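To start, the structure under review is shown below, and the notes come after it.
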Amino acid sequence: MLSLPAISLLALQALLAVRATSVQQNLAQDALAYTLALGAPILGFDVGCSQTANTCDWMRKFSDETKLVHMNLPGTHDSATWNYSQATQDSLLRYTGPIPAAEFFRCQEHSLFQMLNGGIRVFDLRFAYNPGNDTLGFHHSQALLAPTTTVEEVFFGLYSWLDKHPTEAILISLNYESGTGTPDDAKLQQHIYNIMSSSLASRYWVQTSGSLGTLGEARGKLTFLQRFSYDLIPASATHRIGIQLAPNLWTDNSPNITLVYNTITDQIAYIEDYYEIGLPIGAGFAENIQWKFNATTAHIEEATTMLHPDQLYISFASSEHNVDIPSETPIIMALGNGTDTPGVNQKLLPWLQARKGKRFGIIMLDFFDSVPGMVEAVIGL
Ligand SMILES: *[C@@H]1O[C@H](CO)[C@@H](O)[C@H](O)[C@H]1NC(C)=O
Ligand SMILES: *[C@@H]1O[C@H](CO)[C@@H](O)[C@H](O)[C@H]1NC(C)=O
Ligand SMILES: *[C@@H]1O[C@H](CO)[C@@H](O)[C@H](O)[C@H]1NC(C)=O
Ligand SMILES: *[C@@H]1O[C@H](CO)[C@@H](O)[C@H](O)[C@H]1NC(C)=O
Ligand SMILES: *[C@@H]1O[C@H](CO)[C@@H](O)[C@H](O)[C@H]1NC(C)=O
């Protein structure tokens, strides 16, 4: 039998252990808050969801057995550009030098957290070195989006959102952004490889390689769409997750890409990525928008027919014709020029609503929530 002092000693040890645990929990909470603040220029702030929002946890309604390739997944094109203003560009001129105006690069208006709470489940992120060629950050072509925010910080934000929304699945398309004036070297590839192969990543990223599985397997996790290659790092670095959409097979500016991402199981991504409208100079907003609308709807139409029922469809509704006079910037293509010429998004909304219940696949949007009801129409809510 234990003597009285021995019992109190055990009780004291237990008490201290509880205290140590709660101190650790406080420390972890503060460390996360600190990291999220560093990530805020790209993540924004998670203010949570309103009770009435049906987009916050919309995947809850779908069964675990649902294949991802059968789902309608709203995404954002160049997701990280949401806060890229002329003021931001001007403040970063010392790194970028003079580049075209901010409106040519900006494709979104609301933050990554707002996108997540608003139902967006596919993100198009483009990385390259931050100034100093040491940490990895986010760019859109020559535009540097946030000079000190890192890929790691932004991933922490996504992990923390998933912890709060365990029924949801997020797809992350990562692309090496060229044209930034920063080096594309082995150190950069090793850095991103190390992030994707870390023990933390093994908890938060779907580990299957070469195919997309079911919603049940993807819930509470990120699924990787790898749009860059590991061609500069040693061949011994073999850890691969998600699907590899090889950049050399992704035909630039094409309305119909057939990209085989698994030659053994014959897994194909059918992609519409016609982003730079090729009309003659001066054709005008309305005709540029009509061309893009045609390319996008032709592709989504094919997804609805179930011609290839178990293959992945990705349709980009985003576009520009920046060199036109006057320019069609991304916002003009997406939203038109005011009230009299509708943009791709206004035209797409009734088109999708008329096909409610059909398979659309992934639809990547610019200015995803500027036309109310757009995300719901993609999902089919
Ligand atoms: C967005 O950019 C503005 C500058 O245009 C800046 O003041 C603001 O802090 C940025 N927002 C975030 C969340 O970083
Ligand atoms: C980063 O790389 C660029 C392009 O190679 C180079 O011009 C610049 O000097 C480098 N910066 C640093 C801090 O090494
Ligand atoms: C777009 O498609 C519609 C319907 O198929 C067709 O009538 C129209 O000529 C097309 N317009 C352009 C600009 O391609
Ligand atoms: C895209 O190309 C494939 C292969 O050539 C073809 O089967 C399909 O019908 C095309 N889709 C569209 C929308 O043009
Ligand atoms: C929008 O574009 C149309 C067609 O190019 C033009 O007729 C109209 O004046 C423009 N409206 C505005 C508000 O710019």
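Whatever order the structure lists ligands and atoms in, that order sets their numbers, starting from 1. Since the model is a prediction, treat every value here as computed from it, not as a measurement.
Against a heavy-atom cut-off of under 4.0 Å, T88 is close to the following atoms of ligand 1: 2 (O), 4 (C), 5 (O). Near A40, meaning under 4.0 Å from any of its heavy atoms, are these atoms of ligand 1: 13 (C). Within the listing of ligand 1, atoms 14 (O) sit less than 4.0 angstrom from a heavy atom of P41. Ligand-side atoms of ligand 1 in range of S85: 5 (O), range being under 4.0 angstrom from any heavy atom. Atoms of ligand 4 lying under 4.0 Å from at least one heavy atom of N256, given by number and element, are 1 (C), 2 (O), 3 (C), 8 (C), 10 (C), 11 (N), 12 (C), 14 (O). For ligand 4 and A298, the ligand atoms under 4.0 Å from any heavy atom of the residue are 13 (C). Those atoms of ligand 4 with a heavy atom of E302 less than 4.0 angstrom away are 8 (C), 9 (O), 10 (C), 11 (N), 12 (C), 13 (C).
Ion pairing between a basic and an acidic side chain is recognised when a charged N comes within 4.0 Å of a carboxylate O; E301 and K358 show no such pairing.
No side-chain N or O of S79 forms a donor-acceptor pair with one of D124 less than 3.5 Å apart.
Of the polar atoms of N83, at least one N or O is found under 3.5 Å from an N or O of ligand 1, judged by distance alone. At under 3.5 Å, not a single nitrogen or oxygen of H308, backbone or side chain, sits near a nitrogen or oxygen of ligand 4.
In this structure, atom 5 (O) of ligand 1 is in close contact with the protein, since a protein heavy atom lies within 4.0 Å of it. Within the 4.0 angstrom cut-off, atom 9 (O) of ligand 4 has one or more protein heavy-atom neighbours.
Y230 has its ring centre less than 6.0 Å from the ring centre of Y193. Ring centroid separation for the pair Y270 and H299 does not come in under the 6.0 Å cut-off.
Ligand 2 has at least one atom lying under 4.0 Å from a heavy atom of G181.
The shortest distance between side-chain heavy atoms of N256 and I271 does not fall below 4.5 Å. Within the 4.5 Å cutoff, the side chain of D273 has heavy atoms near those of the W250 side chain.
Checked options E103, K292, E276, E328; the residue passing with E320 is E276 (criterion: side-chain contact (heavy atoms from CB on, under 4.5 Å)).
F293 carries K347 over the face of its six-membered ring, with the cationic atom under 6.0 Å from the centre and within 45° of the normal.
When only non-hydrogen protein atoms are considered, atom 1 (C) of ligand 2 lies nearest to N133 ND2, 1.5 Å. Closest protein heavy atom to atom 13 (C) of ligand 2: G132 CA, 3.8 Å.
Checking side-chain atoms of R355 against main-chain N and O of G357 turns up no donor-acceptor pair under 3.5 Å.
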